[in-house]
There are 2 protein chains.
Amino acid sequence: MMCTLVRMSDLKRTRRHDPGRRDRLIDAALEVIAERGVAGTTHREIARAADVPLGSMTYHFASLDEVLAEAFTRHASAAADVFDERLGAATDRDTAIEAVIQLIRDDLIGSPKDLVMAVELYVAAARNPALRAVTQAWMQRSRDALERHFDPTTAREVDALIEGLVLHSVLSTDPMTPEQIRHAVERYLR
Amino acid sequence: MMCTLVRMSDLKRTRRHDPGRRDRLIDAALEVIAERGVAGTTHREIARAADVPLGSMTYHFASLDEVLAEAFTRHASAAADVFDERLGAATDRDTAIEAVIQLIRDDLIGSPKDLVMAVELYVAAARNPALRAVTQAWMQRSRDALERHFDPTTAREVDALIEGLVLHSVLSTDPMTPEQIRHAVERYLR
DNA sequence: ACATCATGTGTACTCATGTACACAAGAGCG
DNA sequence: CGCTCTTGTGTACATGAGTACACATGATGT
């Protein structure tokens, strides 16, 4: 009997009228950015990641910049959600401090891919006003979340401290231990 | 009488045997990176900035990566020198704190171009081990400078705090005022 | 003064990219 | 069942990139 070999490129044929494809393309773009960086993110690369023909890219997006903007917006929004959840669960100052420590340890240092995304965004934002707005909205949400538990000045400073700690920890040869993170945050907040 | 118009392209002809050209190319590369980002840094762009023929690039450097590596190395070294100078002048803990505040205010937030360079480096380092080493050497020198006045743990934390403050200040819509910087550093160090 | 050789330059080749656009295909309706 | 219009695809084109390499040019030793 014949073994029914089905090639991807044949399957692709049958996938006309695919609502939500735009969404999947944005997710694919995020994958590519995380893996290859903005510099390595091309129409073709995204299309390949989403298993979609090249023409689909120009059909759904006016330009590559538009794809990047949407991708970063989505990522920033997801990251801010995590921030919100962690801090939203806290009821008093002490648990808020614990939440910050856990956030840094588990969500930020724990997944360096997110830091890569953040830094890629910062660089892209340096030359693209639309992305600058995304960055600022993201930072604003972090600060708002922190302001639920700390005064505005403290919130701003802690936000910056978190960023610096994560950045240096991930870039360094010896990452910070959970104890060191706790030490730094508590020293600042207590 | 004839006005002696001299075109640049004619002048270039006479500039054979130019020792130190390699150095100037690296500086030109730094300019281009700061202005157009790593993404916009090409052989042709650097050659134009240095007013040098394209062929000169491949003559002096084996690849574009080599140019980037040398450029970032030079920048990191210069930045670390500033760090060293500022902190080397301090004699006691209090003046060291003042030095840190001045460093942030005048040298870091004061010239956002340097921050752009740093972030560009971080991104580039994410995919290039040679640049990762440059980053780490740079961070090490900052920490060493700080350790002349503070214990290692504090040095590391302050180093991270500085990075975070500068990053957030420059990216934010409202930059931190000198007073806010002073407040954040003193809160942490006193 | 001339030959030789390291140094420096112009140009051309190949390749990947963004984008446009002519075409295919299927959904929805009469 | 066919007609039409939105939705989706394949391909081709212009552009700018890195790099190679044949050639020019000036320094240097005799």
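Order of the sequence lines fixes the chain letters, A, B, ..., with proteins taken first and strands second; residue numbering starts at 1 for each chain.
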Rounded interatomic separation in angstrom, taking CG from B/Leu25 and C1' from C/dG8: 12 Å

Atom-to-atom span, CD of B/Glu45 to P of D/dT19 - whole angstrom: 16 Å

Atom-to-atom span, CE of B/Met57 to C1' of C/dT7 - whole angstrom: 17 Å

A/Tyr188 six-ring face occupied by B/Arg187 cation (under 6.0 Å, within 45°): yes

Of the listed nucleotides D/dG8, C/dG8, C/dG18, the one nearest the side chain of B/Arg21: C/dG8

A/Leu54 or A/His60, whichever maps to the more 5' nucleotide of DNA chain D: A/His60

Donor/acceptor link under 3.5 angstrom from B/Arg44 side chain onto base of D/dG16: no

Minimum-distance nucleotide to B/Thr42 side chain [options: D/dG18, D/dC21, C/dG18]: D/dG18

Value in whole Å for how far the C1' atom of D/dA24 lies from OH of B/Tyr59: 14 Å

Rounded distance in Å - CG (B/Asp18) to C1' (C/dA6): 15 Å

D/dT9 OP1/OP2 closer than 4.0 Å to side-chain N/O of A/Ser56: yes

Sequence neighbours excluded, every pair satisfying salt bridge (Lys or Arg N to Asp or Glu O under 4.0 Å) that has a member inside residues 52-63 of chain A: none

Any pair counted as salt bridge (Lys or Arg N to Asp or Glu O under 4.0 Å), so long as it reaches residues 30-40 of chain B, sequence neighbours left out: B/Arg36-B/Glu45

Backbone N/O of B/Val38 and side chain of B/Glu120: donor-acceptor pair under 3.5 Å: yes

Atom-pair distance (CZ on A/Arg48; P on C/dG18), nearest Å: 11 Å

Atom pair distance, as rounded to whole Å: CZ in B/Arg22 and C1' in C/dG8: 15 Å

Between D/dG8 (P) and A/Asp51 (CG): distance, integer Å: 16 Å

